[in-house]
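Here is the structure we will look at.
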Amino acid sequence: VEAENGLEGIAVAQAQQPDLILMDNVMPVMNGRDATNRLRELPAFKTVAIIAVSASAFDLDQEKSLAEGANAFLAKPLNMNHLLKEIGGLLQLTWLYEAADDTMPVNEAATGPFVVPPVEEINTLHQLAMRGNMREIRRQADHLAKLDKRYIPFAEKLRHLAEGFQSEAILEMIEQHRK
């Protein structure tokens with residue numbers, strides 16, 4: 001479940017009663033730290049696990065987030081291994097891992113030369129990757145595939161990485177093509 005802003009996040013949390021909340025520090029209407037603080041004032045949310053997330057990874061940002069009631073702090077772009085470690089620790093989970101299949105599914109439309117989209121599209125992707133917004137990255141990949149069929153192999157690889165929440169690999173791919 002997702003909320004567009006901190007105020008909406010409080011309402012969604014009250015309605016859904018989640019076991020864990022990922023709270024972005026920078027949101028419109030009400031920021032994540034204030035929303036976390038308000039949630040902590042409610043009896044039902046005194047012990048709910050909250051992970052603060054921010055593109056600003058300075059010690060002060062982390063300290064403020066923890067002081068407002070977050071149990072943990074993660075910097076964007078999110079590293080999936082760090083996220084899973086925090087979730088596992090906070091919810092006392094034991095993760096079971098299977099051997100990874102690193103082969104990318106082949107879509108017949110995705111065969112052909114790897115053509116990089118224009119710089120303005122790459123810059124948009126870079127902004128989304130810096131925020132760790134996988135949903136918007138997948139939408140952007142769809143947009144690129146529709147924009148020009150030559151971008152389909154690029155879009156397919158991007159979509160595959162976003163579906164696997166491989167934020168570091170996405171950022172590396174985009175930065176490689178920004179040069």
Side-chain angles (χ1 to χ4, degrees), residues 1-6 8-9 11-13 15-16 18-29 31-32 35 49-57 72-88 91 93 95 97-179:
V1 179
E2 194 172 348
E4 294 294 321
N5 62 65
E8 182 182 316
V12 168
Q16 298 291 320
D19 294 318
L20 180 125
I21 298 170
L22 292 178
M23 185 72 75
D24 196 331
N25 280 352
V26 178
M27 292 187 286
V29 182
N31 70 47
I50 300 176
I51 299 174
V53 178
S54 179
S56 178
F73 178 91
L74 292 174
K76 290 182 183 181
L78 289 177
N79 175 302
M80 188 54 102
N81 292 329
H82 293 140
L83 176 61
L84 291 175
K85 181 180 177 186
E86 288 294 343
I87 290 172
L91 298 181
L93 302 174
W95 298 109
Y97 294 93
E98 293 182 10
D101 179 12
D102 292 335
T103 60
M104 187 173 145
V106 178
N107 175 342
E108 288 184 32
T111 59
F114 197 77
V115 178
V116 178
V119 69
E120 54 273 359
E121 299 292 342
I122 294 293
N123 287 338
T124 298
L125 285 169
H126 187 261
Q127 290 172 353
L128 295 172
M130 290 301 293
R131 291 195 312 254
N133 192 331
M134 296 299 137
R135 177 186 292 166
E136 287 302 318
I137 289 172
R138 288 191 304 271
R139 284 186 187 151
Q140 191 67 17
D142 293 339
H143 162 74
L144 292 173
K146 291 174 187 171
L147 187 64
D148 189 322
K149 67 180 181 178
R150 296 176 302 154
Y151 304 145
I152 292 175
F154 182 93
E156 286 292 317
K157 181 173 182 182
L158 188 62
R159 185 179 298 108
H160 174 73
L161 292 172
E163 286 170 356
F165 294 93
Q166 297 181 38
S167 57
E168 288 179 10
I170 291 170
L171 194 57
E172 183 178 312
M173 175 183 161
I174 293 166
E175 286 180 348
Q176 175 185 3
H177 296 296
R178 281 183 83 195
K179 296 175 182 171

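In this text, all values refer to a predicted model and were calculated from it rather than measured experimentally.
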**Asked** So how far is it from His177 NE2 to Glu121 CD, rounded to the nearest 0.5 Å?
**Response** 14.5 Å

**Asked** For Glu2 and Glu8, which heavy atoms make the closest approach, and how far apart are they?
**Response** O-OE2, 4.0 Å

**Item:** Shortest non-hydrogen contact from Leu158 toward Ala141
**Value:** CD2-CB, 4.1 Å

**Prompt:** Between Ala155 and Leu144, which heavy-atom pair has the shortest distance, and what is it?
**Reply:** CB-CB, 4.3 Å

**Request:** Would you mind reporting whether Pro117 and Ile122 have side-chain heavy atoms less than 4.5 Å apart?
**Result:** yes

**Prompt:** Going through the checks in order, is the side-chain contact (heavy atoms from CB on, under 4.5 Å) test met by Ile51 and Ile21?
**Reply:** CA-CA 6 Å; Ile51 299 174; Ile21 298 170; over 6 Å; no

**Request:** Compare every heavy atom of Ala35 with every heavy atom of Gly6, then report the nearest pair and how far apart it is.
**Result:** O-CB, 3.7 Å

**Request:** Decide yes or no for Ile174 and Asn123: does some side-chain heavy atom of the first lie under 4.5 Å from some side-chain heavy atom of the second?
**Result:** no

**Message:** Is the shortest side-chain heavy-atom distance between Met134 and Glu163 below 4.5 Å?
**Reply:** no

**Reported CD-to-CG distance for the pair Gln176 and Leu171, which is rounded to 0.5 angstrom** = 11.5 Å

**Request:** Decide side-chain contact (heavy atoms from CB on, under 4.5 Å) for Phe154 and Asp148; before the verdict, give the C-alpha distance in whole Å, the side-chain angles of both, and the deciding distance to 0.1 Å.
**Result:** CA-CA 11 Å; Phe154 182 93; Asp148 189 322; over 6 Å; no

**Item:** Heavy-atom closest contact (Ala49 atom, Leu91 atom, distance)
**Value:** CB-CD2, 4.3 Å

**Message:** So Val53 and Phe73, do their side chains get closer than 4.5 Å, heavy atoms only?
**Reply:** no

**Close side-chain approach of Lys146 to Tyr151, heavy-atom, < 4.5 Å** = no

**Message:** Would the distance check show the side chain of Asp24 and the main-chain N or O of Met27 forming a donor-acceptor pair, the cut-off being under 3.5 Å?
**Reply:** no

**Message:** As an exercise, state the distance from CE of Met23 to CG of Asn31, rounded to the nearest 0.5 Å.
**Reply:** 9.5 Å

**Request:** Heavy atoms only: give me the nearest Pro28-Asn5 pair and the separation to one decimal.
**Result:** O-CB, 2.9 Å

**Message:** With a 4.0 Å cut-off on N to O distance, would you call Asp142 and Arg159 a salt bridge?
**Reply:** yes

**4.5 Å side-chain heavy-atom contact, Met130 and His126** = yes

**Message:** I'd like to know if Arg131 and Glu136 make a salt bridge, using a cut-off of under 4.0 Å between side-chain N and carboxylate O.
**Reply:** no

**Asked** Rounded to the nearest 0.5 Å, how far does CD of Gln127 lie from CD1 of Ile137?
**Response** 11.5 Å

**Message:** Before you tell me yes or no, could you show the steps for Leu20 and Ile50 under side-chain contact (heavy atoms from CB on, under 4.5 Å), namely the whole-Å CA-CA distance, both residues' side-chain angles and the distance that decides it to 0.1 Å?
**Reply:** CA-CA 6 Å; Leu20 180 125; Ile50 300 176; over 6 Å; no

**Request:** Hey, could you give me the CG/CD distance between Leu161 and Glu156, rounded to the nearest 0.5 Å?
**Result:** 11.0 Å

